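The model shown is predicted, which means the values in this text are computed figures rather than measured ones. Here is how names work: the chains are called A, B, and so on, in the same order as the sequence lines, proteins then strands, and each is numbered from 1.
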Amino acid sequence: MSIATENDSSSAPSKFQMIADGEATAILPTGGKQKPITVIGTEAIRATFDDLCLQQAINSRLAPGVTDLVLNPDAHCGYGAPVGCVMVSPTHIYPGPVGVDIKCSMSLLQTSLPADAILDRPTRRALINAICERTPTGAGRGQRNAPKSRHVGEALGKRVLVEGASRGVCEELGIPPEWAARCEDSAHVGHDDSTGALALRLEQLLPQMHRFDAKMTQLGSYGGGNHFGECEVVHVEANDRAREAARVFGLVDGGVAFLSHCGSRGIGHQLASGQFKALQGKFTQWDIPLPGGDRELVYAPLGTPEADAYIDDMALGANFATVNHLLINALVLEAFQEVLPGVAGQLVYFISHNIARKEVVNNNIAWVHRKGATRAFPAGHHALRDTPFAETGHPILLPGNPQAGSVVMAADAGAAVSCYSVNHGAGRQLGRKAAKRALDQKEVDRSFEEADILTNCRAYPIDEAPAAYKDFDEVLRSVKSAGLASEVARLKAKFVIKDGDQADD
DNA sequence: ATGTGC
């Protein structure tokens, strides 16, 4: 990146001094007495941050009520705030640093299968087909092409939004209720910490909602873009701590697991965009200055009706995303059982990277907005008391790419420096248009063939090719050398489900 | 990311 000192007479807003503090943690000063931005990333990774991304980080840091801003190694331009940042405020809520896909998340299902059960290609092809019959991909398509999906009507859909993964909702959908204990948050509550607020808000919203029933039928679907399902072979790291964490997480070395990435689909998008429009309207109406002049950084002070409405809508969308993931995992397990009778499965964890949560930061209760960032509570963290992960830290699920692999990590005590957060994956290196220009379809498809990774696509979406993403090992080096988290296991893809040009069989 | 397609 370009580096200029704060005293640079040009004082161009796109250039900032970067003071290295060790190899992997740098500081981006914001002037005055405010705490600087914490930047996680090796020198090579810091060079990938473009000026707009850094400007978004500065705008976010200087925005009203914000006390901490962390920029992660996978950071790139986002909606107001960079994708790959953590923003903390004890006084304000910000929709931008949650984003349009409320509670976009990762989940991991450990099966009882050994890797050799899925070595042959016909078995993997049968699994791909069985999964695609249950969990459709693509925008707007809902359940149309998935004859064996669940059909969720309006009444159950409303319960999903209000209750999240309650016992009743899990039972209705055939989700093992014990999976709720393997969720970062199995249910989100309203602005007054009650579900009643959510029920009221939903009734208020319903008359204006377009095709609510159709959005509820999207429960158990992947969507498009960077969302995916991926069958993995688990390789646990060869050290005592990793082995113990793997045991607690329920990971089986040399076993088959299934990794999913998706969010809140159409309903989350509708709730988020409705909130952006409503808040942008208020800022215009009241002529309030926008942080950095950016309409995407609108906010609401806590305690106002605007903040209450946003928190409620975020919770409704988040609850859909949670149940969506749990249902996908139940349907994927059902697909495995159809092809390989007798296989069992356990949810390892479900964890978000687009959500705002109330947490204790610097001895204060604050809203921690993680936009393309993953919560990382280490062993001994007070919030993990009475959970299975009190002595290991909770599982952190980080997708890399199908060819470089993905990882399961556990936080280290050093994660305090990043408000107990790590990145959410590799991060884009090429924009979608640039990827389509720079990469060759045949080469991309051949690279999957050479790696013996099957896909449901006749042509893999080129803007999602591994080469469109940053070097995952360099990203992981940033996380580890900053002392944030340690690797527990590597996941190697054997087949991938993506929204793309679908194969015939 | 999504789709009452900005």
Side-chain angles (χ1 to χ4, degrees), chain A residues 56 74-85 95-107 135-146 157 161 205-229 260-281 284 294-296 298 313-314 316-325 328 352-356 369-374 399 424-428 430-433 435-436 457 461-465 468-469 497-500:
Chain A
Q56 289 186 333
D74 54 348
H76 53 99
C77 293
Y79 193 90
V83 174
C85 83
V98 172
V100 288
D101 188 5
I102 293 169
K103 209 182 185 187
C104 185
S105 309
M106 302 301 304
S107 58
T135 59
T137 60
R141 237 170 286 170
Q143 315 263 14
R144 199 189 310 157
N145 302 319
L161 295 191
L205 284 168
L206 271 174
Q208 330 148 23
M209 276 186 164
H210 180 81
R211 297 196 58 201
F212 178 76
D213 55 337
K215 290 191 168 64
M216 293 306 103
T217 68
Q218 293 182 328
L219 267 174
S221 69
Y222 274 108
N226 60 7
H227 291 170
F228 67 84
S260 294
H261 177 208
C262 62
S264 48
R265 309 290 283 107
I267 188 71
H269 180 267
Q270 184 179 36
L271 289 162
S273 52
Q275 281 292 335
F276 283 122
K277 282 187 200 118
L279 281 169
Q280 285 164 349
T284 304
D294 190 338
R295 282 177 65 74
E296 298 180 347
V298 288
D313 286 9
M314 180 186 71
L316 292 168
N319 283 335
F320 184 96
T322 303
V323 179
N324 188 32
H325 261 267
I328 282 173
S352 180
H353 47 241
N354 281 1
I355 196 70
H369 306 69
R370 293 192 175 89
K371 173 62 202 172
T374 313
H424 77 314
R428 290 199 84 84
L430 297 173
R432 295 192 183 275
K433 279 178 200 158
K436 283 174 188 163
C457 303
I462 199 159
D463 50 345
E464 284 295 316
Y469 285 87
I497 311 284
K498 285 290 278 191
D499 178 38

- To the nearest Å, how far apart are F276(A) CZ and dG3(B) P? 16 Å
- Query: Between atom OH in Y222(A) and atom P in dT2(B), what is the gap in whole Å?
  - Reply: 13 Å
- E464(A) and Y469(A): side-chain donor and acceptor closer than 3.5 Å? yes
- Message: Can you measure I267(A) atom CD1 to dT4(B) atom C1' for me and round it to whole angstrom units?
- Response: 13 Å
- Quick one: is Q218(A) getting a side-chain N or O under 4.0 Å of the dG3(B) phosphate, OP1 or OP2? yes
- Item | Nearest-angstrom distance from the residue atom CE of M106(A) to P of dA1(B) | 12 Å
- Message: Please determine whether a side-chain nitrogen or oxygen atom of R265(A) lies at a distance below 4.0 Å from atom OP1 or OP2 of dT2(B).
- Response: yes
- Query: Hey, which of these two, Q208(A) or C104(A), hits DNA chain B nearer its 5' end, going by closest nucleotide?
  - Reply: C104(A)
- Ignoring hydrogens and angles, tell me if any N or O in the side chain of D101(A) forms a donor-acceptor pair with the backbone of S264(A) under 3.5 Å. yes
- With sugar-phosphate meaning primed atoms plus P, OP1 and OP2, does G263(A) contact a base, only sugar-phosphate, or nothing at under 4.0 Å between heavy atoms? nothing
- Message: Under a plain distance cut-off of 3.5 Å, with no hydrogens placed, do S107(A) and H325(A) share a side-chain donor-acceptor pair?
- Response: yes
- Query: For the pair made of CZ in R211(A) and P in dG3(B), what is the distance, rounded to whole Å?
  - Reply: 10 Å
- Would you mind reading off the distance between H227(A) atom NE2 and dG3(B) atom P, rounded to a whole angstrom? 12 Å
- What is the distance from OH of Y79(A) to C1' of dT2(B), rounded to the nearest Å? 13 Å
- Message: Which residues pass the side-chain contact (heavy atoms from CB on, under 4.5 Å) test with F212(A), not counting sequence neighbours?
- Response: E154(A), K158(A), L161(A), L202(A), L206(A), M209(A), M216(A), I267(A)
- Item | Residue list, ring-ring contact (aromatic ring centres under 6.0 Å, His included) with H227(A), at least two apart or on another chain | H261(A)
- Item | Between dG5(B) (P) and K215(A) (NZ): distance, integer Å | 11 Å
- Query: If only side-chain N and O atoms of R432(A) are considered, is one of them under 4.0 Å from the OP1 or OP2 phosphate oxygen of dA1(B)?
  - Reply: yes
- Query: For H210(A) and dT4(B), is the gap between ring centres under 5.5 Å while the planes differ by less than 30°?
  - Reply: yes
